[in-house]
Amino acid sequence: MKTNYLLPHTYKIWGWILLILGIFSGIFLIIIEYETNILTVPVIAIYSDPFIGEAGFFEIIENSILDELASIAIIVGGLIVGFSKEKIEDEFIYKLRKDSLVWAIIFNYFVLILTIVFIYDLTFFHVLVYNMFTPLLFFIIRFNFLKLKSRSHEE
């Protein structure tokens, strides 16, 4: 089966490395409550809204980029893992991939609806931040679970 949008299978290991590093970095940031001076550098901010002082557009500010790097690692690693070919890419794997993607999107919005109904204030904002990673993570988990389950039924 020809799939133009999938990366070569050899990229998958690099995707797993990025994804795992990003997740561990993100967990580290959650544990220390985002208070870190690690990797503080001047960055260009399209919009800056400091707690004290004036807001501005297109300014250079000092910021720890560890959280941005962790987020990018999760997203890029997850995309590489999710959209790299399997060793044997056939119609069955294509169906598992498609079904997992649909399931991940539906499940993600179900979780989002529950969040809207039951979670409020700043906690709601935190859940929305985590929610930008969940479709990709749900897809990877579901796809690999279905592959593992299909292999166990074959044996």
Side-chain angles (χ1 to χ4, degrees), residues 1-47 61-119 122-155:
M1 166 153 235
K2 186 167 170 82
T3 50
N4 294 332
Y5 60 89
L6 295 177
L7 298 169
H9 177 71
T10 56
Y11 286 34
K12 192 168 280 219
I13 187 72
W14 294 106
W16 278 114
I17 292 169
L18 274 175
L19 181 61
I20 291 167
L21 283 174
I23 289 172
F24 282 133
S25 299
I27 291 170
F28 169 73
L29 287 169
I30 292 168
I31 290 170
I32 65 167
E33 298 179 358
Y34 303 104
E35 299 297 325
T36 182
N37 289 327
I38 301 172
L39 294 175
T40 299
V41 296
V43 294
I44 298 172
I46 293 176
Y47 179 73
I61 62 170
E62 291 280 325
N63 185 42
S64 172
I65 61 169
L66 188 59
D67 53 339
E68 285 86 1
L69 291 175
S71 297
I72 290 169
I74 292 170
I75 293 168
V76 171
L79 285 171
I80 292 170
V81 168
F83 298 102
S84 291
K85 291 180 181 176
E86 296 299 311
K87 285 183 181 177
I88 299 171
E89 190 73 31
D90 57 7
E91 281 86 19
F92 179 69
I93 294 295
Y94 176 78
K95 181 182 178 338
L96 289 182
R97 190 182 307 277
K98 179 185 64 83
D99 291 349
S100 298
L101 190 56
V102 169
W103 179 88
I105 296 301
I106 291 169
F107 186 72
N108 182 67
Y109 280 104
F110 177 73
V111 169
L112 186 58
I113 289 169
L114 290 177
T115 301
I116 291 168
V117 173
F118 296 114
I119 298 178
L122 192 58
T123 306
F124 178 74
F125 176 74
H126 288 128
V127 172
L128 287 182
V129 169
Y130 304 138
N131 193 255
M132 73 181 157
F133 306 114
T134 53
L136 201 49
L137 296 176
F138 289 156
F139 166 68
I140 290 168
I141 292 166
R142 175 77 175 178
F143 179 62
N144 286 299
F145 172 76
L146 290 177
K147 275 191 335 187
L148 187 65
K149 188 173 149 184
S150 71
R151 276 192 213 136
S152 67
H153 285 307
E154 289 174 1
E155 296 173 358

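- Taking both residues in full, the closest heavy atoms of I93 and D90 are given as N-OD1, 3.0 Å, listed atom of the first, atom of the second, then distance.
- Classification of the F139-F83 ring pair by plane angle, with boundaries at 30° and 60°, yields parallel.
- Summarising the geometry, atom CD1 belonging to I75 is positioned 11.0 Å from atom CG belonging to L19; distances are rounded to the nearest 0.5 Å.
- The 12-atom threshold is exceeded at OH of Y47, counting heavy atoms of other residues, nucleotides or ligands nearer than 6.0 Å.
- No side-chain heavy atom of S25 sits less than 4.5 Å from a side-chain heavy atom of L69.
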Determine, stepwise, if the pair L146 / W103 fulfils side-chain contact (heavy atoms from CB on, under 4.5 Å). CA-CA 12 Å; L146 290 177; W103 179 88; over 6 Å; no
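- For the pair L136 and L79, the tightest heavy-atom approach, listed with the atom from each and the gap, is CD2-N, 3.5 Å.
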Side-chain donor-acceptor contacts of residues 104-114 below 3.5 Å, not counting sequence neighbours, with atom names and distances?
| unit_1 | atom_1 | unit_2 | atom_2 | d |
| --- | --- | --- | --- | --- |
| N108 | OD1 | N131 | ND2 | 3.1 |
| N108 | OD1 | T134 | OG1 | 2.4 |

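- Within the 4.5 Å cutoff, the side chain of N63 has heavy atoms near those of the E68 side chain.
- The CH2 atom of W14 sits 14.5 Å away from the CG atom of L7 when rounded to the nearest 0.5 Å.
- Heavy-atom neighbours of L122 CG from other residues, nucleotides or ligands within 6.0 Å: above the threshold of 12.
- To the nearest 0.5 Å, atoms CD1 (I38) and CZ (F28) are separated by 4.5 Å.
- Here the CZ atom belonging to F118 is positioned 15.5 Å from the OG1 atom belonging to T123, to the nearest 0.5 angstrom.
- Between I80 and G15 the shortest heavy-atom distance is CG2-CA, 3.6 Å.
- Put simply, the side chain of F124 reaches to within 4.5 Å of the side chain of I116, judged on heavy atoms.
- The shortest heavy-atom contact between E86 and K147 is OE1-NZ, 2.6 Å.
- In this structure, W16 and N144 approach most closely via the heavy-atom pair CZ2-ND2, 3.9 Å.
- The structure places CD1 of I13 at 11.0 Å from CG of L18, a figure rounded to the nearest 0.5 Å.
- More than 12 heavy atoms of other residues, nucleotides or ligands sit less than 6.0 Å from atom CZ of F133.
- In this structure, L128 CG and T115 OG1 are separated by 7.5 Å, a value rounded to the nearest 0.5 Å.
- Of the possible donor and acceptor atoms, one in the side chain of R97 sits under 3.5 Å from a partner among the backbone N and O of G82.
- Judged by distance alone, the side chain of S84 and the main-chain N or O of V81 form no donor-acceptor pair under 3.5 Å.
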